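Naming convention: chains lettered A, B, ... in sequence-line order (proteins, then strands); numbering from 1 in each chain. Quick caveat: nothing in here was measured; it's all calculated off a predicted structure.
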Amino acid sequence: MSETHSASAAEVAAPHRYTAAMAADIEARWQDFWDAEGTYAAPNPSGDLAGDPARVALPKKFIMDMFPYPSGAGLHVGHPLGYIATDVYARFARMTGHNVLHTLGFDAFGLPAEQYAVQTGTHPRVSTEANIRNMKAQLRRLGLGHDQRRSFATIDPDYYRWTQWIFLQIFNSWYDDTAKRARPIGELVAQFESGERATPDGRPWGALSTAERADVLGGFRLAYASDAPVNWCPGLGTVLANEEVTAEGRSERGNFPVFKAKLRQWNMRITAYADRLLDDLDALDWPEAIKLQQRNWIGRSEGVRIDFPVHKAGDGDASITVFTTRQDTLFGATYMVLAPEHELVDAIVPAAWPEGTHAVWTGGYATPAEAVAEYRKQAAAKSDVERQTEAKDKTGVFTGAYATNPVSGERVPVFIADYVLAGYGTGAVMAVPAHDARDFAFARVFELPMRCVVEPSDGRGSDPTTWEDAFGSYDAKIVNSTGEGVSLDGLGVVDAKVRMTEWLAARGIGEGTVNFRLRDWLFSRQRYWGEPFPIVYDEDGIAHALPESMLPLELPEVDDYSPRTFDPNDADTQPETPLSRNEDWVNVELDLGDGRGTRRFRRETNTMPNWAGSCWYELRYLDPHNSGKPVDPEIERYWMGPRDGQPHGGVDLYVGGAEHAVLHLLYARFWSKVLFDLGHVSSAEPFHKLFNQGMIQAYVYRDSRGIAVPAAEVEERDGAYYHQGEKVSRLLGKMGKSLKNAVTPDEICAEYGADTLRLYEMAMGPLDVSRPWDTRAVVGQYRLLQRLWRNIVDEDTGAVTVTDAEPDEDTLRALHKAIDGVTGDMAGLRFNTAIAKVTEVNNHLTKTGGPVPRSVAERLVLLAAPLAPHIAEELWHRLGHPSSVVHQDFPVADPAYLVDETVTCVVQIKGKVRARLEVPPSISDEELEALALGDETVRGALGGAGIRKVIVRAPKLVNIVPA
RNA sequence: GAGCGAGUGGCGCAAUCGGCAGACGCAGCGGACUUAAAAUCCGUCGCCCCGCACGGGGUAUGUGGGUUCGAAUCCCACCUCGCUCACCA
């Protein structure tokens, strides 16, 4: 593209035409102006960002994007889609009388930044800061109206100081199940001291050693370290949260295998909030799909815990507690399965196989102990990937022990199998093979008995051995379920559940309970590039919080920040934290201010996960420079506080991708609730309205070897695609460097200007739908801006051509309909149709010819201002207004012009349009019917046939049904 | 396997409540300007048929059925695509 050529030719043709060169000039000028004037500064009610009280008195709107990760690759046109949308909405909100807070920070800790640093051999701080500068420049070019005073990055010590502070708040709290809220840990200690609450082993608090007390409190703290099976990823050299592991059992980042390993790690007790995280979803204005994903992730299920008596191998009795949601099928429980890791397994395994044990059950081992040990070894060596792919082939082994079904009194064999998960429920199940697909498959393999207790309603008969699958329907009657003191026979599933639960409770062998799928959040990573934990260990290994005065605990500058990674498939490896290599930093002498003077400590060398920084950033936007608190309570209440009787407040609009459905969005909600419980914030929910924008897709062209070729070099001929003469295939995919189809905002801005890019991205389709990028189509929005410009400015002289004459009726109708439509579309985030309406009224003015009335031109400029702010600002000033268009009032439609003088009424005969009538909008049904039936065309079409029925919907429709 | 969502011109899409299908834009086609091209402007544009033309008729929202005076829109079944979850007891 020879840009200089076209630009100079355009200048010759029309020196004042709206061209890319002119757009570049206009855009740069107004961006500088906005910066200098602080046009987008949102005043706080108090503090260092306090401002114009009149503006503070307006209703507030807090509009937010999911903040970006400053990657080294820079932006492509897909990235700013959401940022442009929130900017348009924020501008519309400003023009409709709101105090608007809109800014953007950077989520800059975490794995990708660190990996990029390792690849390029630059320190992550250096590369990350360079990336942020680059991204800021790219974003500034788009004319986003951000309050720059409020921007920050999560790696700023001024910011992560408060991330650490919040961690300590969580560390120093416990969840009071009675009050259903978090409370300071000191209040728990007081309960132990007073004896109001008993210690776990019943000894008085004063009799416990320091270490014992620390242990007890660790069992309550909302942030705690524990030895537990975690997701260990040798390929990344770090452990991962459940949310970061894919369904295939691989790491979301890097796609490496993930293994279960028992390691001492930090956790957040998010499970304490399971019910509130679930319940509070109802009041949120979020897409149902995202709410559903969170509900599924939290996974609430109601059931019962049932005790199955079992003999210990040595001496004494024990019981295996199972969790089930199908207590109605208890009579059909013919065996039990424990997770291989279940703690009771060793206790119940006998020395020898019982007399007559089925050969299939023993796995060919001589003793139960040997079989169990071998099976455990095999299970542990399996990666989650293997577990997943082999899910259909059930494996397991008999423990040699029998338990007793408490309702039938039957002796049931106890197995271990990896299809029972240690982390869910009690890690043990009662197996009902006839009515559960997994138990059915297992029973087939091990030739276990099956009993039908829910009568099949699909005619398959009542002998499970002849079935092809388990029968799980809820719409059936219970059978074969009569025992001592209880019978469920003839009841429906729902009633049977109630009866069984009552019976179990009365006998003290079971109780109704609620179980959640959600696990605690694994919160430590073996990485350099993250927030250090404000935790030190004393010589006894007891964890202590650093006092507030020692925050921020800065990440030490080190030369060796690489993670220790391993062969991705080697499960027998141990994580190593990069910070632990730095002995000078790790070993410290500190006075923690606890009255015990200066002592020796070792620092915690894990770092926080990437998600920590994004868990509370909305709060820091509000009061970014506060050095005494994360956010001032008055300022927080102003922007986040509940309104209009809502149970919670929060951000008014939060726009981002759906990929964060159960990660960031769940973690941020959790932190909000803790901070709310502890009285630091006024809203228990961070984001009131959530909107997921779609993705901008792009065509990927591949040659015969399947390798992507540069999309920009592909030519189309007769519906086929060619790269350097070779035919290539075309598929729709993601946009990105690796697929060689990235288009940058910089190139589009250079070719057409930022306003054109903004319009095109908003006009492509509905915001929540994914659609393919088409660079060829961008020119359409460029032409719109050129026509808008030409309607106001003479291309040859540069003079403003508007007239003071009154607009005609048609023009007023077109204008006010557009105002009315655009207002509704903007409020509903339907920017694509808003642009269509602006285009329509602009086209109307173009067609009319002659100078445009000033009143119309001005309102058209205001209509376009949120979408194309630079050209609007320029035209607004050329029209003689000295102050910025940004804070003008959005035009209001005059209802008088929303009604047409005449409307077209369609006359249908049997639903087919046969005639059109121009009628006044106020016409009555009777008048319209008479008019339609008298119409010549209609009479002709009826051809003398009689009339059975006439449907009239004045003034738009008459439908005649002939006899 | 389960759940959710979506299928409309060559393409992106519009149709707010069941009432003129295809707004707006791209591409295409015809024209103006130009020595020429690009850019720009004007016109045209679902498909099929009749007609020199004005115009007229038929048909059409993934497929098949249903409800209704009337269906892109509501209901049932099926097909295709997308997303999410997936041994959760």
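- The residue A:A836 sits close to a base: some heavy atom pair falls under 4.0 Å.
- A:Y782 and A:D755 share no donor-acceptor pair across their side chains, judged by distance under 3.5 Å alone.
- Across all strands shown, A:E288 has no heavy atoms under 4.0 Å from either base or sugar-phosphate atoms.
- For B:G66, the glycosidic angle deviates from 0 by more than 90°, giving an anti base.
- Take the nearest nucleotide of RNA chain B for A:V778 and for A:R953: the residue whose nucleotide is more 5' is A:R953.
- Below the 3.5 angstrom threshold, one finds no donor paired with an acceptor across the side chain of A:R771 and the base of B:G12.
- Taking the syn range as angles within 90° of 0, the glycosidic angle of B:C17 is syn.
- The shortest distance between the side-chain N/O atoms of A:R17 and the OP1/OP2 oxygens of B:C41 is not below 4.0 Å.
- Among the atoms of the strands shown, only primed sugar atoms or phosphate atoms (P, OP1, OP2) are found under 4.0 Å from some heavy atom of A:R787.
- Defined by atom type and a distance below 3.5 Å, a donor-acceptor pair is present between the side-chain atoms of A:T501 and A:Q327.
- Between A:S301 and B:A89 there is a side-chain polar atom (N or O) within less than 4.0 angstrom of OP1 or OP2.
- On the C1' atoms, B:C85 is 43 Å away from B:C47, given to the nearest whole Å.
- Among the protein residues, A:R790 comes within range of the sugar-phosphate backbone only, with heavy atoms under 4.0 Å from sugar or phosphate atoms but none that close to a base.
- Remark: A:K949 is in phosphate contact with B:C69, judged by side-chain N or O atoms under 4.0 Å from OP1 or OP2.
- Atom CG of A:D820 is separated from atom C1' of B:A23 by 16 Å (rounded to the nearest Å).
- Separating the OH atom of A:Y782 from the P atom of B:A38 is a distance of 16 Å, rounded to the nearest angstrom.
- Ion pairing of A:E795 with A:R790 is present here, as a side-chain N (NZ or NE/NH1/NH2) and a carboxylate O approach within less than 4.0 Å.
- Counting non-hydrogen atoms under 4.0 angstrom, A:Q908 reaches a base of the nucleic acid.
- Phosphate proximity of B:G3 to A:R295: absent, as no side-chain N or O sits under 4.0 Å from OP1 or OP2.
- With A:F442 as the aromatic partner, A:K394 does not meet the cation-pi criteria of under 6.0 angstrom to the ring centre and within 45 degrees of the ring axis.
- Under the Watson-Crick and G-U wobble criteria, each requiring two contacts below 3.5 Å, nucleotide B:U67 is left unpaired.
- When heavy atoms are screened at a 4.0 angstrom cut-off, A:T904 is found touching base atoms of the nucleic acid.
- Residue A:V322 is out of contact with every strand shown, counting any heavy-atom pair closer than 4.0 Å.
- Remark: A:R776 is not in phosphate contact with B:C11, judged by side-chain N or O atoms under 4.0 Å from OP1 or OP2.
- To the nearest 0.5 Å, atom CG of residue A:L504 and atom CD1 of residue A:I509 are 5.0 Å apart.
- Taking a pair to require two hydrogen-bonding distances under 3.5 Å in either a Watson-Crick or a G-U wobble arrangement, B:A72 remains unpaired.
- Proximity of A:V907 to A:V913: side-chain heavy atoms (C-beta onward) are nowhere separated by under 4.5 Å.
- Protein atom CH2 of A:W297 is 17 Å distant from nucleotide atom C1' of B:A2, rounded to whole Å.
- Pair assignment for B:U61 gives none, since no Watson-Crick or G-U wobble pairing has each distance under 3.5 Å.
- For the P atom pair drawn from B:A72 and B:A86, the interatomic distance equals 40 Å after rounding to whole Å.
- If you check the side chains of A:D520 and A:T271, you find a donor sitting under 3.5 Å from an acceptor.
- A straight line from CD of A:E840 to C1' of B:C24 spans 7 Å, rounded to a whole angstrom.
- Remark: C1' of B:U68 and CG of A:L957 are 14 Å apart, rounded to the nearest angstrom.
- A:N843 has a side-chain polar atom (N or O) that falls below the 4.0 Å cut-off from OP1 or OP2 of B:G25.
- Comparing B:C69, B:C26, B:C20 by their closest approach to the side chain of A:V906 singles out B:C20.
- At the phosphate of B:U40, OP1 or OP2 sits under 4.0 Å from a side-chain N or O atom of A:R783.
- Across all strands shown, A:D436 has no heavy atoms under 4.0 Å from either base or sugar-phosphate atoms.
- At a cut-off of 3.5 Å, with distance as the only test, no side-chain donor of A:S301 or A:N515 sits close to an acceptor on the other residue.
- Taking a pair to require two hydrogen-bonding distances under 3.5 Å in either a Watson-Crick or a G-U wobble arrangement, B:A38 remains unpaired.
- The pairing partner recorded for B:C26 is B:G10, the criterion being a Watson-Crick or G-U wobble arrangement whose two distances lie under 3.5 angstrom.
- Comparing the P positions of B:G19 and B:C26 gives a spacing of 29 Å, expressed to the nearest Å.
- Base pairing annotation: B:A2 forms a Watson-Crick or G-U wobble pair with B:U84, both donor-acceptor distances under 3.5 Å.
- For a distance-only test at 3.5 Å, the side chain of A:K394 qualifies as a donor-acceptor partner of the base of B:C87.
- Within the nucleic acid shown, A:V429 comes within 4.0 Å of at least one base atom, counting heavy atoms only.
- Nucleotide B:A53 forms no Watson-Crick or G-U wobble pair with any nucleotide shown, as no partner meets the under 3.5 Å limit on both distances.
- Counting any heavy atom pair closer than 4.0 Å across all strands shown, A:K291 reaches no nucleic acid atom.
- OP1 or OP2 of B:A14 has at least one side-chain nitrogen or oxygen of A:N832 nearer than 4.0 Å.
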